[in-house]
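Structure, as C-alpha cells:
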There are 2 protein chains.
Amino acid sequence: MKIETLRWREGRLELIDQRRLPLEFAYVACDDAAQVARAIRDMVVRGAPAIGCAAAYGVALEAQRYAGAARVQFDAALEQSFEVLAASRPTAVNLFWAIERMRQCHAQSRDASVEAAAKALLELAQEIYGDDIEINRAIGRHGAPLIADGARVMTHCNAGALATAGHGTALGVIRSARDAGKHISVIANETRPYLQGARLTAWEMVQENIPVTLVTDNMAGHLMQRGRIDVIVVGADRIAANGDTANKIGTYTLAVLAERHRIPFYVAAPLSTIDLSIADGSAIPIEERGAAEVTGFRGVRWAPEGVSVANPAFDVTPAALITGIVTELGVIGQPDAIKIRALFGR
Amino acid sequence: MKIETLRWREGRLELIDQRRLPLEFAYVACDDAAQVARAIRDMVVRGAPAIGCAAAYGVALEAQRYAGAARVQFDAALEQSFEVLAASRPTAVNLFWAIERMRQCHAQSRDASVEAAAKALLELAQEIYGDDIEINRAIGRHGAPLIADGARVMTHCNAGALATAGHGTALGVIRSARDAGKHISVIANETRPYLQGARLTAWEMVQENIPVTLVTDNMAGHLMQRGRIDVIVVGADRIAANGDTANKIGTYTLAVLAERHRIPFYVAAPLSTIDLSIADGSAIPIEERGAAEVTGFRGVRWAPEGVSVANPAFDVTPAALITGIVTELGVIGQPDAIKIRALFGR
C-alpha cells in the first residue's frame, strides 16, 4: 500500500487525518491557509518534512483563492498566509524553510500577473512535495548500508511515510534496507503522549510486512541492557549548525542509553531540517503542548484533578551522542559544525 | 485522608481496587487465598510491600476457612494457599518473604489445635501489616534528611501508601520530608503501561496537598538536562545481595540519566525487599505481562492489529548507579554486598 500523506486533488489539499489512525483511515480537505495551519497545529498532519510540504500547499491554496483579485489584495493574503502558517508550530524548521521558499517565489513574481504568480506558487509547492519523496529515497539509499542483515532496529515517534511526502526518513532507511534484501525487525517506542509510535509507525510497518514489536518508552533502557537492540534510527525536527538535534520528546534519553550500551544512534533527515542560523541546540524553541495530551488519551482521562502537567513536545540531543546524520547527500559521521558546513558547500 | 490500602473487616480482607483509581474509590473483598492471588495478579493490589501483606492475609483467610476442619485438611489447604499465592507474581520478593513467614508460623503450630494455629496465622498477618507501617515511617525518618528544602523530587510508578500498608517507601520519604517542614514538589512519571504514576502517585500527592507535576516517562531526560530535577526517589521490588535493584520498568533508564546529570538517585525499601539468596540482579526473574496493557488502556485500543508486543514489568538497576538505599535501619550509601550483609548483621 502506497501511503499518500498529502495529495492535491481538484484544487484542494487533502491530508490523511493522522489523529484517527490506525483505527480509521480518512482524508480531510483544506481550502485555505488557515485550515492548513489548523491541521498542522491539531496534528492532522505532523512530521517535520510533511508539515513543510503542507505549509507550501497552504500558501498555494491562498494564492489560488486570490488569483482573480487585485495585486494588493493578493499580496496581503499571501503575507497573511505566511504568518498564520508560521505560527502553527514552533520547533520543526522545515515549516519555516518551506514558507521561506514560497515567500521568495512570491517576491520573484512581483512583475508577473496575479494568475501567473499563483501558478508559480502551486508549481513550487508541487516541486517541494515531489523533491521530498526523492530526498527520502536518497536518505534511504545512504542509510541502508548502516543497517546490518538481521538487525533489530529501534525507532521513536514516526519518521515514516506519514511524516513526509512519502517513504520516510528513519523509516525510509528501514524500508530501503529491507528492499535491499535485509531481514530486519523494528522495535517501535509507543511515544507518549501522542502515541505516534504505537499508532503510526506500528501501522506503517504492518502495512509493509516488516516485523514490528511495540514497547512503551520506558522499556528502551531494559531492552538495550539485555542486548536486544542493534541500532537506533530516528528523525529530526530541527538540527542546529553544530549537529545538536531537536526531535520528539524521549529522543535524548534514547541517545544517552545508546551511548552507555555502545549502540549506534543515527538521525535521518533532509538538509531542509538543518538550521544553519542556530549555532547549537540551546537556541531551538521547544513547543509546550496542552495538558490534556498527558492526563489521558482521546477523551479517556486517567489522571486525577489537581495535578499540574509538563508537556514539552521535543528535546535536544547533543551532537556528541549522534553516531551519524543521514542526509540526501550522504552520512555525516560524528557530526560537528565543520562537517555540516562542508555539506552545504560553505 | 488516611489511605487504607488493605483492611481486615469482619473476617474478610478488603483491598482498595487500584485498577479503578483515581476515577473511582472502592474496596473489593476477598474470602480466600485464591481470591487474594487473583487480586495480586490482576493488580487490584500492587506494590511490593502491599502484596506481601495481602499474601499474609490470604494465608490467614485460608486458615480461617479451615479452622473447623481436621488437621490434615487444614495443612493441605495451607500448603495450597502458599502455592497459589507464590504463583501470583514473580518479581517482588516481599511476596515470598511474607509467605515464608506464614509457612514458618504454620510449621511451629503443628502441636497446637487447628483453631489456635489459625489464630496465630491471623495474628502474624496483622503483625506483618502493622510492622509495615512502622517500617515505612522509619524509612521516611531516615530518608527525609536526603531531601533538601525546596527540592523538586522525581519519582516513578507508585511507591506510596497504596504500595504498602501505609505511608509508603519512596512517597514515605517525601511525606516525611514535607512533615519536617520542607517545601517540596514532586514530578511523577506516568509509568506506562499501567500508569501507576499518573493514576496513583498523582492521586496520593493531590490528597496530601503536595504539589505534583505529571509527565510522560520519556520526558525525564529532558527535565534533567534542563536542571529541573534535584533528586530522584523510587521504590523497589527486589534488591539482590549486591544492591542491584529490580523496580518498575523505566527505573534503570532514570538511573542512567541521573548519573549523567549528577542527580542523586535513591531507592527506598524495607529490608524484606532485599533477597540475600540472589547474588546480583541478573538472577532476578522479570515478569512479562500481557500485550493488552501496551496496545491500549482500559479497553481503548490504539495500536494496529498485527503488531507484536514486549511487556517486561520490571528492570534491574545496577548498584553502581544507586546513590543510596533507604531502609528502616538507615541509609546504605553506595550500596554493595559488604554493606548490605553488615546491615543484616552477617
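Order of the sequence lines fixes the chain letters, A, B, ..., with proteins taken first and strands second; residue numbering starts at 1 for each chain. All values below were derived from every heavy atom in this structure, side-chain atoms included, with hydrogens, water molecules and symmetry-related copies excluded.
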**OP:** Check B:P304 against A:A198 and note the closest heavy-atom contact, atom names and distance.
**Re:** CD-O, 3.1 Å
**OP:** Quickly, which of A:V186, A:V212, A:T213 forms a side-chain contact (heavy atoms from CB on, under 4.5 Å) with B:V307? Name it, please.
**Re:** A:V212
Original post:
Which region of B:I286, side chain (C-beta onward) or backbone (N, CA, C, O), has a non-hydrogen atom less than 4.5 Å from a non-hydrogen atom of chain A, or is it both or neither?
Top reply: side chain
Original post:
Can you say whether A:R301 sits under 4.5 Å from chain B via the side chain, the backbone, both, or neither, judging by heavy atoms?
Top reply: backbone
**OP:** State the CZ-CD distance between B:R192 and A:E190, to the nearest 0.5 angstrom.
**Re:** 4.0 Å
**OP:** Keeping the roles fixed (side chain from A:Q225, backbone from B:V316), state whether a donor-acceptor pair exists under 3.5 Å.
**Re:** yes
**OP:** Specify the closest pair of heavy atoms between B:V215 and A:A310, including all atoms of both residues, with the distance to one decimal.
**Re:** CG1-CB, 3.7 Å
Subject >> B:M224 vs A:V256, side-chain contact (heavy atoms from CB on, under 4.5 Å): CA-CA, chis, key distance, verdict >> reply: CA-CA 12 Å; B:M224 294 188 215; A:V256 169; over 6 Å; no
**OP:** For the pair B:F297 and A:W302, name the ring-plane relationship: parallel under 30°, tilted 30 to 60°, perpendicular over 60°.
**Re:** perpendicular
Subject >> Contact class of A:V300 relative to chain B, heavy atoms under 4.5 angstrom >> reply: side chain
Subject >> Check: B:D315 and A:M219 side chains under 4.5 Å, non-hydrogen atoms >> reply: no
Original post:
Is there side-chain contact between B:N218 and A:T253, with at least one heavy-atom pair below 4.5 Å?
Top reply: no
Original post:
Given a strict heavy-atom distance threshold of 4.5 Å, which part of A:L200 is in contact with chain B: side chain, backbone, both, or neither?
Top reply: neither
Original post:
So which part of A:V294 gets closer than 4.5 Å to some heavy atom of chain B, the side chain, the backbone, both or neither?
Top reply: both
Subject >> Region of A:E305 in contact with chain B, defined by heavy-atom distances below 4.5 Å >> reply: backbone
Original post:
Relative to chain B, which segment of A:R260 carries a heavy atom at a distance below 4.5 Å: side chain, backbone, both, or neither?
Top reply: side chain
Original post:
Which value, rounded to the nearest 0.5 Å, describes the distance between B:T216 atom OG1 and A:L195 atom CG?
Top reply: 9.5 Å
Original post:
Roughly how far, to the nearest 0.5 Å, is CD1 of A:I249 from NE2 of B:H222?
Top reply: 5.0 Å
